[in-house]
Amino acid sequence: SQKIEQNSEALNIQEGKTATLTCNYTNYSPAYLQWYRQDPGRGPVFLLLIRENEKEKRKERLKVTFDTTLKQSLFHITASQPADSATYLCALDRTGANNLFFGTGTRLTVIP
Amino acid sequence: GAVVSQHPSRVICKSGTSVKIECRSLDFQATTMFWYRQFPKQSLMLMATSNEGSKATYEQGVEKDKFLINHASLTLSTLTVTSAHPEDSSFYICSARDRGLAGWSQYFGPGTRLLVL
């Protein structure tokens with residue numbers, strides 16, 4: 001069955017360092033992959049979308065890579081700040097369906 | 001980016017009552033909206049896909065008679081939890097899809113916290 005795994009439930013890093021979050025998937029051939037940020041008690045906020053034919057996408061301090069051979073996406077936050085603390089979700093379009101399938105998320109804490 | 005609103009943000013009700021949650025796309029037209037449910041420390045679980053002017057498509061295990069969805073216009077979808085019970089207490093989130101240059105993006109509402117006593 002189709003599966004998405006975000007390998008760390010929680011990740012703590014020091015302010016200023018680069019946070020790297022991982023999303024692995026199996027039994028999928030997604031056309032694109034998305035990353036979202038979710039704060040407690042709030043809905044997810046869209047951050048970045050990367051298509052299957054793109055290797056890397058950047059937006060300000062964010063960088064996403066997409067390796068369809070490894071079936072993996074990496075999400076990087078450079079020069080991390082305490083305000084970056086949140087849960088980050090990766091999501092894939094479900095095969096043959098018009099909707100997204102979400103990973104369980106990684107809760108990032110940036111320590112001042 | 002696109003804005004999706006939800007109302008109410010929080011509701012407490014007695015067991016057996018029905019609760020309606022509204023989801024609106026404020027600055028774009030959404031032919032498709034989605035309803036998710038999220039339990040504490042878990043990911044979003046898709047409940048149903050709502051298409052404007054037609055019946056919603058429910059995910060396996062979601063009772064369509066209990067979770068009534070109406071998508072009457074391109075900017076409004078409603079979810080009614082009928083005869084709510086304590087186990088229906090959860091965080092309900094709607095989202096709407098908007099097509100941009102890079103492909104489909106999904107924008108989420110702020111969520112509705114439902115507590116059934």
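Basis for what follows: all heavy atoms, side chains included, without hydrogens, waters or symmetry-related copies. All chains are named by letter (A, B, ...) in the order of the sequence lines, taking the proteins before the strands, and each is independently numbered beginning at 1.
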*Looking only at non-hydrogen atoms, find the nearest pair between A:Arg42 and B:Phe91 and report the distance.*
O-CE2, 3.6 Å

*Examine A:Ile77 and A:Leu74 and state if one hydrophobic cluster contains both, with Ile, Leu, Val, Met, Phe, Trp and Tyr joined whenever side-chain heavy atoms are less than 4.5 Å apart.*
no

_Separation between CG of A:Leu89 and CZ of B:Phe108, rounded to the nearest 0.5 Å_ = 8.5 Å

*Could you tell me which portion of B:Leu44 (side chain, backbone, both or neither) has an atom closer than 4.5 angstrom to a non-hydrogen atom of chain A?*
both

*asked:* Could you see if B:Leu46 belongs to whatever hydrophobic cluster contains B:Ile69? Use Ile, Leu, Val, Met, Phe, Trp, Tyr and a side-chain cutoff under 4.5 Å.
replied: no

*Within one Ile-Leu-Val-Met-Phe-Trp-Tyr cluster: B:Leu79 and B:Leu68, side-chain cutoff 4.5 Å*: no

*Spell out the residues in residues 102-112 of chain A that have some non-hydrogen atom less than 4.5 Å away from a non-hydrogen atom of chain B, in order of number; otherwise answer 'none'.*
A:Phe102, A:Gly103, A:Thr104

*Taking only residues at least two apart or on different chains, which pairs with a member in residues 77-87 of chain A satisfy side-chain hydrogen bond (donor to acceptor under 3.5 Å, both in side chains)?*
A:Arg61-A:Asp84

*What part of A:Glu9 is in contact with chain B, defined as an atom under 4.5 angstrom from a non-hydrogen atom: side chain, backbone, both or neither?*
neither

*Determine which pairs satisfy disulfide (SG to SG under 2.5 Å) with at least one residue from residues 8-59 of chain B, sequence neighbours left out, and list them in order.*
B:Cys23-B:Cys94

*Tell me the side-chain hydrogen bond (donor to acceptor under 3.5 Å, both in side chains) pairs involving residues 83-92 of chain B, sequence neighbours left out?*
B:Lys66-B:Asp88

*Against chain A, label B:Gln38 side chain, backbone, both or neither, depending on which of its atoms sit under 4.5 Å from a heavy atom there.*
side chain

*Consider only side-chain heavy atoms of I, L, V, M, F, W and Y, link residues closer than 4.5 Å, and tell whether A:Phe46 and A:Tyr32 are in one cluster.*
yes

*asked:* Is there a path of hydrophobic side-chain contacts, each under 4.5 Å between heavy atoms, that joins B:Phe34 and B:Val4?
replied: yes

